[in-house]
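This report concerns only the one structure given below.
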Amino acid sequence: MTDTTDFRTIPELPAPSPSEVLRQRIFQHRGLMIGGGILAVIVLGALFAPVLAPYDPYLQDLANRTVPPVWMDGGSWAHVLGTDQLGRDYLTRLLYGARISLLIGLATAAISGVIGISLGLIAGYFGGRVDNVIMFLITTRLAMPVILVALAVVALIGSSLTTVILVLGFLLWERFALVIRASTMRLRTLEYVDAAKAQGAGSVWILIRELIPNLANSIIVVATLEMAHAIILEAALSFLGLGIQPPLPSWGLMVSEGRELLLFVPWLITIPGVFLFLLVLSINLVGDGLRDVTAPDGKN
Amino acid sequence: MLFYTVKRLGMALLVAFTVSFLTFALLYVAGDPATAILGPNATDVDIAYIRKHYGFDQPLLVQFIQWLGRIVQGDLGYSYFFQVPVSDILLQRLPITIQLGLLAFSLALLIALPLGIAAAARPNSLVDRLALFLSVAGQAIPSFWMGLMMIVIFSVNLGLLPSSGNDSWRHFILPTVVLGYYATPAIMRLTRSSMLEVLSSDYVRTAKSKGLSRTTVLYKHALRNAVIPVVSLAAAQLGFMLAGSVVIESVFSLQGAGMLAWQSISRGDLPTVQAIVLLFSIAYVALTLLADLFNAWLDPQVRMAQ
Amino acid sequence: MMGKLREKRPEGVAGRRRLLAAGAAGLMFISSGIANAGKSDDTLNIAVDGEIATLDYYMSSGRSAIIMSHHIFDTLIYKDTQSGEFVPALAESFEFENETTLKFVMRDGVKFHDGSDLTAEDVVYTINKVTDPAYGAVYQTAIKWIEKAEQRDDRTVIIKLKKAYPAALEWVAGFLPIYPSDYYEKAGKEGMALAPVGSGPYKVEAVEAGNRWKLKRFEEHYQGSPKQASIGSLDMRVYPEVNTQLTGLMTGNIDFMWKFSSDVAERLEATGKVRLGNEPIMRIVFLALDATEEGPVKNVKVRQAINHAINRDAIRASLFGGATQLIPTACNPVQFGCSTNVKTYEYDVEKAKSLLADAGYKNGFELDLLQVKSGSVPRAFAEAIISDLAKVGVKVNIEVQPWAASRDKWSGGDGDALLMSWGSWGIADTAMITSYWFGGGKINRAGDSDVTEHLLLADNSIDRKERQASYEIALQRIADQAYWVPLWTYSVNYATNPDLNLKVDSDEIVRFFNASWK
């Protein structure tokens, strides 16, 4: 990224500085602004859940089960979004559930990022046989049905938050690898890599010092996509009973728990589903927006 | 073309081989298959007998080769749960999954291709924005949740469609829509961007400058070239959809291979799980192979580039 | 236990073709339009909630398989659900010749579904076959009392008991269906699994393994049978999820479903569209604790603390309601020998905490809980228990699996606790539950030989007083040692098409042959 101070130090420059262009693009990009806004609200809600949440997410109140949300008949301000089948406050569980979704998204993207970026860099930088082997790994990984393999592995080693993160992290690296590989191939031919080589830098050093900062944009974009992907997959695993285990308030699990009364109390699944949708939508909007605003010729 | 075909086929076989080994190893290391077969009341003598009988006492690699040898002959193993060959069960379940997959795939293409082309033809138009909105929203809706909401709306509130089972074509409408919608955004996005790229390429500009009509340019020249990346993606998406049927089938209680896989996982019926994972993987490999060959036939440059 | 090995495949190519045809038929199914149901086409559409692995009854476990067997097969005698008396069935008469010899005189003119005659030979063949350890019958309890069967003359069969065993007739009446020896020899386990032949009031017409079974009334079912079918066809299908059952019921595609929660029952009743029933059955719900493997739960104080920590009555009242009742002991109080004169543990969080502190777990511990996936053990209920345990510092890791998988795990030494329900095969005798869970075998995770001894003594005595006394000693020790947290009796919710006469019997068998249209 470019140094952000230059537009202040050289104010008389006729054209806007790159960072100013970037800033403008960001604020003019509607998708990015909407997505960023929603995401910020969810992240803040998750971070400050203990302060914001009116109740304890695990506190059961068997006398007040499936109380409807405030806008429905029988709802009350005591439970704005109602209570679940065990009388736990839905809003509270949703706030805490956001933590789980975000944690899953970030941790999975981190693990798969490390694996995918390493493989992509190696393949793109060295090319030839090394590239062939890594492409083979990527093809093999793509051929394995993610959700089935994840279900089977989680079932075999026992489901927990950690297991879900690890399994997804080890399954979702191929997009990182493909994108980084392509970008590395392109960057490799550029001058500064040659320059670094000419100065006698070792391969590893070149890879790390020169390439990674230049790949940051692609990495962030893929990371947002994989975060969204991981959050949806966790919800699906939890929904099928092989993800996060109760009483943790995972949103997918909440949908799964509300499912028994789907026909009679549909808001039990509507509400967590809408939250899940908003979270994934906002992450995707942010990812798409970042790609747009950092694209070289500023399309869209 | 022949050289390319052979080379590509070799690659596909190698991937299929690796995937089958991974599947085998992954599930094998997870538990002792002898106790899984015998159940809890087995004696040590029984277990020893089963180990020897099934060859579980052999090294992993030897067992894998034997397993592969049986697979090649069409023997997918013996279900611990049903106590019949896995292939017997799969023959009943696969048609449902394949049918669902193909229906959903057709639906996805029917929505994604026209919308993608229309969007590319007039960037930033209303159609383009609608397409973008659909694709962004589509990627964010969890398919299991969408399925449940469709049940609430169309089966319960409106009473229009059945919510579960596979008795008639009407039972397939909701699952098809949900699974198809899941695959639509990716195909549409790629169709759009690929069309845009081709439309701005030199030869299309040349064609335009020669005075060819817009429609001719769009359909005769651009489409043929733009379709190449889309074919690859569509093939891959069909492969993913087979696996995605795990979730959809469980939402709509369709007794297909996906549902069977999920149930077999919770039953610890490893041979069935192995067989399904393997079949889905091989379907993916075969589909992408076909797409690549098709593309190579469509465009000689693909052959050269490889 | 070699039994589960494949004996032979369905005959080669022909078998394959048949299966391909079945697959193709599956495809046709979809295009052939709407299969509607109920009274108009004399088909009873049944939502099967549990799994039926194979129709080879002795190799299957679970309630659904038992119910299925009552329709496809016949037993030597029959237990009348009204009077509770044993009445003749395949055998026209029966008697105990002495304590260890049961004599049956066979009825004439009984046909199997394939047209062959059911004879004394078939009875001897079946019993000797399934009691052979190599066969590997799933419920050893149902057969392990049998020494052997032998034929005395053309029409007389003797079952030799290993020793005196008061519950023998219960097993013969409900759980010893008779197979056709010729067909079994020919078709083997796989044949029996997919295309069984019996002599029951319904014959199997089509099978989609693990999913759907179509049964048709067997018109040559023998005269004088206590099982006389009225409805022409049964279409039994697995609907693994309650909503699909409910929508099916409300749209008229399903005529019978059961084992849903009282939350659902209340709301279903409000729709007024279906007929609801609730029947107290032999089943009880309990939490079994492990006392064999190293870990906190091995300590009796910890197990007692868990007993004190669970607010059983609050959970029962709000999640189950109905006719359920709390139980203090490891059996259903209506069962013979089920003493309630045992130590009880009231809900007391402070006491639980101090017991845990005494045991050295002041800061709690982690507990691995296996939960059996079943309608009688809903997940909300497991969560309520988890929440109660969390209040005393016990952090629960839960694993939900179907019965067969949970049983294997529990028997294999996994898990610290098992949350499930047990139906005692619908038999009102403590032997069917306490002796199963605390007798020999790996399922017994109490590992208390004292308890086991008393139970064995009671099981094999024919003196009722002695039996009662022995069961009481065992049950008292189980309560003292807190091997279980006994929870409550279960009463089953069911719902039917309003045009249907059908009830669930208190032995938890649904006798669809007794059903009729209004």
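Below, read A as the first sequence line, B as the second, and so on, with proteins coming before strands; counting in each chain starts at 1.
- The minimum heavy-atom distance linking B/Phe81 with C/Ala53 is given by the pair O-CB, 3.2 Å.
- Proximity to chain B (any heavy atom under 4.5 Å) is shown, for C/Val238, by both the backbone and the side chain.
- Residues meeting the ring pair (Phe, Tyr, Trp, His ring centres under 6.0 Å) test with B/Phe64, sequence neighbours left out: B/Phe17, B/Phe21, B/Phe24.
- Contacts of C/Lys409 with chain B are absent, with no heavy-atom separation under 4.5 Å from either backbone or side chain.
- When all heavy atoms of B/Val84 and C/Glu190 are compared, the closest pair comes out as CG1-CG, 3.8 Å.
- When heavy atoms are compared at a cutoff of 4.5 Å, C/Ala193 approaches chain B solely by way of its side chain, counted from C-beta outward.
- The one candidate from B/Met259, B/Arg93, B/Gln92 that meets the side chain to side chain contact (heavy atoms under 4.5 Å, CB included) condition with C/Asn211 is B/Arg93.
- B/Gln83 and C/Met59 get closest at one heavy-atom pair: OE1-CE, 3.5 Å.
- Minimum heavy-atom separation, C/Glu241 to B/Ser253: CB-OG, 4.3 Å.
- Among pairs with a residue in residues 237-254 of chain B, none fulfils salt bridge (charged side-chain N to carboxylate O under 4.0 Å, His left out), at least two apart in sequence or across chains.
- Two residues are said to be in side-chain contact when any heavy atoms from C-beta on lie closer than 4.5 Å; B/Ile151 and C/Asn243 fail this criterion.
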